[in-house]
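Data block below; observations after.
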Amino acid sequence: MRSVLERRCLFTLAFFVILLALLASAPRGVAQGGEPQYFAIRGARVVPVSGPPVENATVVVARGIITAIGKDVAIPPDAWIIEGKGLTVYPGLFDAFTDVGIPAAAAGPGAGESTGPRRGGEVTSRGPEDRPSTTPWRSAADEVSFSDKRVESWRNGGFTTVVSSPKGGMLPGQAAVLDLGGERASDMVVKTPVAIPLSFQPGGGFGNFPGSLMGALAYIHQVLIDTDWTAHAQAAYEKNPKGVSRPRYDRTEAVLGEALEDHALVLIPANNSVQLRRALVLADAWQVDSWDMDCVIYGGQMAYEVAPEIAERKIPVLVNLKWAEAEKDADPDDEPSLRTLRFRDKAPSSPAALAKAGVKFGFYSGGITAPKDILKAAKKSIDAGLAPDAALRALTLSPAEIYGVADRLGSIESGKIANLVVADGDLFEEKTKIKLVFVDGRRYEIHEPEKPKDPPKGNMTGKWKLSYTTPEGAEESTLDVEMAADGSLSGTTTSKRGTTTIISGYLSGDKFSYTINIPIEGNATDVVFSGTFDGTTLKGSIDVLGYSIEFTGVKPTANSSNTAASVTRSQIKNDSHVAGGAL
Amino acid sequence: MKISWTLFSTRRCTAILCALALLALPRTSGAATPPARAPEAAPVILIQNATILTVSHGTIEHGSVLIKDGKIAEVGTSIKAPKDAQVFDAAGQYVIPGIVDCHSHIAVDGSVNEGSISVSSIVNIAEVLNPDDINIYRDLAGGVTVANVLHGSANSIGGQTVVIKLRWGQPAAKLPFEGALPGIKFALGENPKRSNFSIPGGTPRYPTTRMGVEETIRAAFTEARDYQQAWAEYDKRSAAGDKNAVAPRRDLRLDPLVEVLQGKRYVHAHCYREDEILMLLRVAKEFGFKVRTLQHVLEGYKVADEIAAAGAGASTFSDWWAYKVEAYDAIPYNAALMTHRGVIVSVNSDDAEEATHLNQEAAKTIKYGGLTHDEALKLVTINPAIQLGIDNRVGSIDVGKDADLVIYNHDPLSAYAVVQKTLIDGRVYFDRQRDISERAGLEKEKKALTAKEKKAGEKKPDATIEMGKRPGAKPDEKKSEDKPKPQGDAVTGGAL
């Protein structure tokens with residue numbers, strides 16, 4: 001006989017499954033407004049990037065394509081007219097290297113894992129022939145999904161296009177150019193494959209090959225040699241198979257060879273000057289007979305030291321906009337070296353150095369989690385000497401050129417894909433708001449995040465321990481939150497399953513609400529925490545997929561107050577490492 | 001500091017402690033600064049009034065060395081300074097050829113061991129040189145100008161190695177010693193058989209005995225010989241116009257072994273015991289290659305005649321022993337005894353800190369074994385240069401050789417000797433006075449940058465999750481002096 005609790009669990013599970021099924025069948029990503037096909041933005045300032053800005057101009061969009069741009073252009077009679085007075089129209093922004101659109105659930109083997117043979121349940125790699133941490137057959141175009149909430153948040157931030165790649169391992173997969181809109185996931189794919197990103201994270205330690213940086217480099221070189229050799233040997237065998245042992249089939253070689261045949265770029269990671277110079281050497285050393293490998297560097301933050309050398313080799317650079325900063329909770333006794341300080345200070349001047357040297361470069365979000373911070377980071381490079389139009393180009397036309405899609409993307413030109421951003425001012429101004437985004441001619445309105453109505457009562461800033469009971473039992477998690485003066489909340493929640501960022505939240509009066517987004521069964525799902533804050537405790541409910549559980553929150557350090565700074569620090573470290581509980 | 005290749009012996013632990021102590025200090029001193037400028041064009045320099053220890057032809061009191069175009073142009077007692085020359089008055093000071101460290105692990109990005117496999121000849125130290133490693137500067141300050149940068153000792157056949165000049169401030173491509181033959185690391189005994197490093201629950205890596213080490217080397221060279229032959233056959237067929245001939249698959253693991261067989265790559269073999277030393281000499285003879293140096297070779301004094309007969313060099317420690325079982329029979333007389341039996345002997349560091357006082361390490365052989373002053377000095381200059389095949393360029397103060405020179409305030413074999421200047425290719429790469437005078441400025445710069453950061457950081461967005469940090473998206477490798485950064489593991493959100 002089953003216990004009441006067990007039955008309750010079963011009921012809950014069934015409930016989830018039904019709800020997920022309902023959600024899955026609902027149409028996703030449908031643009032608002034009954035899908036009009038024709039638009040005209042009239043009387044706006046238009047920044048085409050491919051040419052000088054035009055004041056008081058009109059942009060016409062028809063069936064996903066930009067059909068006209070200028071001062072006196074005919075507006076189709078059935079066009080939806082948008083009054084552009086006071087607005088600026090930009091090409092859709094282009095994040096040149098990310099994994100936006102690829103849900104975490106689709107992640108393949110991690111850096112430490114291997115696709116090699118299993119021995120006694122352990123995955124081991126004993127050499128290049130075991131193809132460790134190598135999954136080039138994974139394709140962003142196949143894995144892309146609207147269930148990654150960042151598709152929406154990136155688009156809301158003005159990014160209409162990304163180059164996304166699967167993650168994990170040294171050869172994680174094939175990157176594709178994706179437009180962040182459409183009805184079906186496959187609508188997003190603009191071009192695939194466009195790149196084979198490499199990573200030099202060995203991860204094998206002493207147990208698995210490769211366990212060192214030099215091992216990772218040698219491994220990738222050997223894979224390229226093998227791919228090249230098999231292409232030759234296979235061709236020779238097809239011509240004359242008699243008396244010759246047939247070349248082996250290897251999935252890695254097969255897909256890699258095909259991608260290189262398609263002129264997919266090889267993306268080489270390199271951030272500091274040593275890595276950048278090394279990448280320039282490798283880009284030559286790794287060339288093989290069968291294909292001209294076009295290499296691109298990603299990282300590039302110490303390009304301020306190496307830009308002329310990169311220019312000489314004519315290799316484009318994707319600059320990571322996640323600038324290194326002092327750690328938030330850094331140990332005050334652990335002084336950064338002068339080298340680190342100089343790097344943090346000068347990194348944002350790298351784009352200006354690249355521009356001056358004549359290197360083609362694009363920007364990518366790197367580790368940035370909020371799209372508005374991408375523009376803020378780009379602004380830093382402007383403050384460090386980059387011309388604003390060059391910064392805009394690095395977020396639009398330049399990445400399109402690097403990836404060979406400038407004939408369809410990257411600027412406002414007649415005939416190109418209608419990816420547009422309509423803002424109420426200069427994109428790099430912090431107070432500028434993005435009003436509308438067009439992706440493939442679909443119009444997306446941008447909603448402001450919910451703002452607190454009343455001034456906040458008290459301050460929620462700090463670390464909270466949240467306790468609640470799920471169908472699986474009692475759990476705990478940590479909320480690390482910072483409250484702005486207007487009551488807006490930002491921060492992270494950490495459970496035993498990981499850390500996730502708060503998407504939006506506020507404290508209005510004594511009522512708080514904040515939302516996180518987590519994958520549940522492969523679907524990105526909003527989880528809303530709301531309730532009341534009485535100055536010392538949080539009390540409320542967690543709502544997910546229509547199911548609600550109660551929770552309470554206390555500040556674990558509130559009682560012990562400020563005994564010793566070192567104690568507090570070690571507690572914080574413990575918290576972040578152990579991170580008990582869920583949610 | 002390289003903990004990664006560390007073998008957790010007492011010796012190693014001591015070294016780590018020393019290195020840690022060193023690391024702690026220079027945070028506030030000039031030594032921890034980023035590479036300064038690389039000296040520009042080679043100036044004309046005259047060092048005068050010095051005691052010159054030429055190593056090759058005795059000591060010259062009140063002597064001078066004239067440097068032109070990076071080379072030693074004149075050595076003598078009455079050299080007039082050319083018009084445009086910089087003159088270093090070295091009255092009361094000593095000049096020796098730059099110290100050559102025959103066993104170093106500095107200037108390497110990432111681990112110095114590819115420890116996952118028993119034959120790791122696929123990897124190459126030369127590909128991961130890190131010219132920003134502060135140990136280059138510290139070793140320069142100890143008079144080292146050339147280092148044989150080796151792969152670790154975790155494998156019977158280890159990775160490819162490279163000889164570098166410590167040209168601090170120059171990019172990685174400018175470090176390798178031009179024309180020096182590349183090497184490969186071998187290792188015998190406890191380290192390659194992983195006797196002290198089994199992973200609990202893990203499958204032990206083959207080999208686990210000294211017999212297995214021998215077999216591993218034998219098997220690898222048998223394979224390399226077959227591979228060499230396959231290429232020879234292909235070359236013959238394609239030369240004869242056979243269009244159906246398919247080239248063998250290039251194997252990065254076997255290429256360097258073929259180079260060893262062809263005499264184009266030196267073998268530097270880590271070893272301790274007499275039995276394994278003799279084993280390797282036999283295997284090398286069988287396959288027709290030479291062992292260029294025996295590294296550590298702590299029982300070398302027992303088989304010095306055999307080593308001398310095989311033409312192998314011996315590169316040993318001064319007085320370190322008993323830090324593990326295979327080092328129990330080590331004695332500090334090793335270097336002297338082998339020298340007396342006709343072996344070319346050098347004293348090496350195997351460690352970034354040890355390298356800062358190799359002059360003292362060499363001096364110990366005067367006490368232990370009675371080497372002469374000259375013989376002792378040779379252990380860290382001309383002898384390692386001979387072992388690395390670069391003695392035509394460095395290792396002694398002779399006209400025509402590279403102007404790699406060290407100026408000491410005392411006899412370099414004295415415990416009071418402190419390096420004043422270190423020159424490589426006639427350029428000053430370390431200058432004690434300059435270092436001291438620049439410290440205040442660097443400290444000021446550091447303070448200013450810290451203040452600037454603090455000011456900017458007062459209103460800063462949180463940097464919580466670094467999703468790009470995982471597989472290489474943020475290719476920022478560890479720097480030993482940097483605090484390890486937390487790895488953003490929760491990449492795309494947590495879970496319920």
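Scope of the values below: all heavy atoms of this structure, side chains included, with no hydrogens, waters or symmetry mates. On a predicted model such as this, the values are computed, not experimentally measured, just so you know.
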field: A:Thr230 versus chain B, the contacting section by heavy-atom distance below 4.5 Å
entry: neither
- line: In terms of heavy-atom contacts, B:Glu114 and A:Asn208 come closest through OE2-O, 4.4 Å
message: Given heavy-atom pairs under 4.5 angstrom as the criterion, report whether the side chain, backbone, both or neither of B:Asn124 touches chain A.
response: backbone
- request: Work out which heavy atom in A:Gly215 is nearest to a heavy atom in B:Val123; give both atom names and the distance.
  value: CA-CG1, 3.4 Å
- request: Show your reasoning for whether side-chain contact (heavy atoms from CB on, under 4.5 Å) applies to A:Gln222 and B:Arg249.
  value: CA-CA 10 Å; A:Gln222 186 68 58; B:Arg249 190 176 62 91; 3.2 Å; yes
- request: Pick whichever of B:Val119, B:Thr450, B:Asn244, B:Leu252 has the most heavy-atom pairs under 4.5 Å with chain A.
  value: B:Leu252
- request: Give, as side chain, backbone, both or neither, the part of A:Pro128 having an atom under 4.5 angstrom from any heavy atom of chain B.
  value: side chain
query: So do the side chains of A:Ser212 and B:Asn113 get within less than 4.5 Å of each other, counting heavy atoms only?
result: no
message: What's the separation between atom CD1 in A:Ile225 and atom CG in B:Asp255, rounded to the nearest 0.5 Å?
response: 7.5 Å
query: At what distance, to the nearest 0.5 angstrom, does CG of B:Asp109 lie from CG of A:Leu217?
result: 9.5 Å
- line: Nearest heavy-atom contact between B:Lys452 and A:Asp345 is NZ-OD1, 2.6 Å
- request: Please state whether the side chain, the backbone, both or neither of B:Ile122 comes within less than 4.5 Å of a heavy atom of chain A.
  value: both
task: Could you look at A:Leu341 and say if it's the side chain, the backbone, both or neither that has a heavy atom under 4.5 Å from chain B?
output: both
- prompt: Counting only N and O atoms by type, is there a donor-acceptor contact under 3.5 Å from the side chain of A:Arg339 to the main-chain atoms of B:Asp132?
  reply: yes
query: Looking at A:Ser165, A:Ala218, A:Gly127, which makes the most heavy-atom pairs under 4.5 Å with chain B?
result: A:Ala218
- prompt: Are any side-chain N or O atoms of B:Glu127 and backbone N or O atoms of A:Met214, one a donor and one an acceptor, separated by less than 3.5 Å?
  reply: no
- prompt: Is chain A contacted by the side chain of B:Leu129, its backbone, both, or neither, given a heavy-atom distance below 4.5 Å?
  reply: backbone
task: Go through the steps for B:Val246 and A:Trp229 under the test side-chain contact (heavy atoms from CB on, under 4.5 Å), then give the verdict.
output: CA-CA 9 Å; B:Val246 176; A:Trp229 182 81; 4.2 Å; yes
